[in-house]
Amino acid sequence: MLDVASQLEILRRGVEQIVPEADFLKKLERSVRENRPLRVKYGIDPTGIDVHLGHTVPLRKLRQFQELGHTAVIIIGDYTAMVGDPSGRDKTRDALTKDQVDANARDYLKQVGRIIDLERAEVHHNGDWFGKWSFLDVLDLMRRMTLGQISAREDFAKRIAEEKPVYLHECMYPLMQGWDSAEIRADVELGGTEQLFSLMVARQLQPLRSQEPQVAMTMPILVGTDGVRRMGKSLGNYIGVADSAEDMFGKIMSVPDEPMAQYFTLLTDLPAEEVKALLAPGSNPRDAKEVLGKAVVSQYHDAEAAEQAAAAFRRRASGEDPVEIPIAYLTADKLDAEGRIAAPSLIKEIGFESSTSNARRVIEGGGFNVGPRRETVSDPRALVYVSDGLVVRVGKRKIAEIRLV
RNA sequence: GGGUGGAUACCCAAGCGGCCAAAGGGGCCAGACUGUAAAUCUGGUGGCUCAGCCUUCGCAGGUUCGAAUCCUGCUCCACCCA
């Protein structure tokens, strides 16, 4: 096992706070001394299906712990998912059914496996223990926390102040999460900064099982591709780990310049000095973003795919067509006797726009062009002669070669 | 149980009898520009057989020449009091 100082250096990167810091040092020192791995917990509620880069921040930290020889313990919050985590939320989460949760959980693990070595990790479902509880057990857990403690949380306090509802079951969430730690004997729990409250609850509960309280390690919340709000599925500003290499790269390029430093720190292993040099004043942020894009993409695909994605992006940015033009099929009966079709219909038929009205607007806006010379069709009443192999474009990104069938 | 406020397009949110396919913002799409799918600026953003027509403002009725706006009932949501 690596010595304490070296471990600390690696583990501190991109970490917001470690609470209490002294306990962490103590645990780490003992771990090295006795050659006993720390049990590091990270919980996920299977509420959706897309693991995105925001989730990878703590997951990558967990991976680092694994690489240093510690034990990764993943909690699938199948029970807590049915409650809904109120952390950082300004409204109640929708509850999920058991079936949804189970399906999501399987999907989740598959995606998590891109980051964590699942062979060496422990995976638990908190329904395994909560599912067996009696109401009395629940009450006993509830007596561990006061309304004052709960309502002091910023997210709840805010909702109360705004006269928005806070449901009782939401109050149970932190207690359940805390109890998970007692069940799996966690030494450290990872989470976003907004999780601090929940992570600290466990410290009150673990002594009930004669355990040493865990340490909370929080990481900043990654901002999404809009550069403002947290990355989240419901906000539509996320980059999924299952995204294609090209998509992932493109989305990274579309992130505003400001959060780049954060992205480098939290999503890559590039040394801090290198990052600093890339982002130094006077350098082109686009180049830095490209390095970032390749570094991230190669983690979820491979280096070659990352290079190709970058190349494809450059082509598109410089106005060239991609190497492979997607094929769009069009049935010949859509054409009139002379082999023509109304421009808006063509756009709709090949799926570039969802309605002919929309297609019209694109045409009027000058976003539609056809053929090798890219003749712009700007009259929505125009008829386009379609022959097999005709290349049509809408905007900068949508391109297709038409195949008549 | 009582009271109050609310339900408007993808989201937030104005409108409170005609000038409303419905302000504004966000998002999204297109154009210009560029360092990129950044930033900035411009235009667009219900549907269609598109100079016109059709369908929307929680649901169902009603008043009116005319309703997102007024009335009745219903459903749902929130907050306050008990």
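All values below were derived from every heavy atom in this structure, side-chain atoms included, with hydrogens, water molecules and symmetry-related copies excluded. Just so we're on the same page: letters track the sequence lines, and every chain starts at 1.
A/Arg316 meets the side chain to side chain donor-acceptor pair (under 3.5 Å) test with no other residue; sequence neighbours excluded.
Annotation: B/C70 and B/G18 have their P atoms spaced 11 Å apart (nearest Å). Comparing B/G46 with B/C57, their C1' atoms sit 12 Å apart, to the nearest whole Å. Taking atom C1' in both B/G25 and B/A9, the straight-line distance is 14 Å, to the nearest Å. Taking the C1' atoms as reference points, B/A13 lies 27 Å from B/A60, given to the whole Å. Comparing B/G73 with B/G3, their P atoms sit 14 Å apart, to the nearest whole Å. Comparing the C1' positions of B/A21 and B/U69 gives a spacing of 16 Å, expressed to the nearest Å. The same atom, P, is picked in B/C29 and in B/A37; the two are 13 Å apart, to the nearest Å. Taking atom C1' on both nucleotides, B/G27 is separated from B/C20 by 23 Å, rounded to a whole Å.
The partner of B/A60 is B/U72, judged by Watson-Crick or G-U wobble contacts that both fall below 3.5 Å. Remark: B/A32 base-pairs with B/U40; criterion is Watson-Crick or G-U wobble with both hydrogen-bond distances under 3.5 Å. When Watson-Crick and G-U wobble pairs are counted only if both distances are under 3.5 Å, B/C53 pairs with B/G47. B/G17 is unpaired under the criterion used here, namely a Watson-Crick or G-U wobble arrangement in which both key atom distances are under 3.5 Å. Checking B/G1 for Watson-Crick or G-U wobble geometry (two distances, each under 3.5 Å) identifies B/C81 as its partner.
A/Glu212 has a carboxylate O that lies under 4.0 Å from a charged side-chain N of A/Lys27, or vice versa, which qualifies the two as a salt bridge. With respect to A/Glu290 and A/Arg314, a salt bridge is recorded, a charged nitrogen being found less than 4.0 Å from a carboxylate O. At a threshold of 4.0 Å, the pair A/Arg374-A/Asp321 counts as salt-bridged, since one of the basic side-chain nitrogens sits closer than that to a carboxylate oxygen. Note on A/Arg144 versus A/Asp140: salt bridge recorded, some NZ/NE/NH1/NH2 to OD/OE distance being below 4.0 Å. A/Lys26 and A/Asp187 are not joined by a salt bridge, as no carboxylate oxygen comes within less than 4.0 angstrom of a charged side-chain nitrogen. Taking the charged nitrogens against the carboxylate oxygens, A/Glu21 and A/Arg12 do have a contact shorter than 4.0 Å, which makes a salt bridge.
A/Asn237 and A/Thr225 share no side-chain donor-acceptor pair at under 3.5 Å. Of the N and O atoms on the side chains of A/Gln177 and A/Glu189, at least one donor lies less than 3.5 Å from an acceptor on the other residue.
Place A/Phe313 and A/Ser354 on RNA chain B by their nearest nucleotides, and A/Phe313 ends up nearer the 5' end.
At the heavy-atom level, A/Ser357 lies under 4.0 Å from base atoms of the strands shown. Heavy atoms of A/Pro285 sit under 4.0 angstrom from at least one base atom. Within 4.0 Å of A/Arg381, counting heavy atoms only, lies no atom of the nucleic acid at all.
Distance A/Lys289 NZ to B/G35 C1': 9 Å, rounded to the nearest Å. Look at NZ on A/Lys348: it is 10 Å from P on B/G47, rounded to the nearest Å. At whole-Å resolution of the value, CG in A/Asp287 and C1' in B/A38 are 13 Å apart. Between the CD atom of A/Glu364 and the C1' atom of B/U45 there is a distance of 13 Å, given to the nearest Å. Remark: P of B/A37 and CG of A/Leu292 are 17 Å apart, rounded to the nearest angstrom. The OH-P distance, from A/Tyr263 to B/U36, rounds to 20 Å in whole Å. Summarising the geometry, the separation between CD1 on A/Ile239 and C1' on B/A38 is reported as 13 Å, rounded to the nearest angstrom. A/Met260 places its CE atom 8 Å from the C1' atom of B/A38, with the value rounded to the nearest Å.
Checking the phosphate oxygens (OP1, OP2) of B/U36, a side-chain nitrogen or oxygen of A/Arg286 falls inside 4.0 Å. Of the side-chain N and O atoms in A/Ser355, one or more sit less than 4.0 angstrom from OP1 or OP2 of B/G47.
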Completion exercise
Heavy-atom contacts, protein to nucleotides 22-34 of chain B, under 4.0 Å, summarised as B (base), S (sugar-phosphate only) or - (none) per nt, yield -------SSS---
With the criterion being N/O to N/O and under 3.5 Å, what pairs connect the protein with nucleotides 53-57 of chain B, and how long is each?
none

Exercise for the section: Tell me, with the steps shown, if A/His70 and A/Gln7 meet side chain to side chain donor-acceptor pair (under 3.5 Å). Expected result: CA-CA 11 Å; A/His70 300 290; A/Gln7 289 205 34; 2.8 Å; yes
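Because its NZ or CZ atom is not both nearer than 6.0 Å to the ring centre of A/Tyr42 and within 45° of the ring axis, A/Lys61 does not count as a cation-pi partner of that residue.
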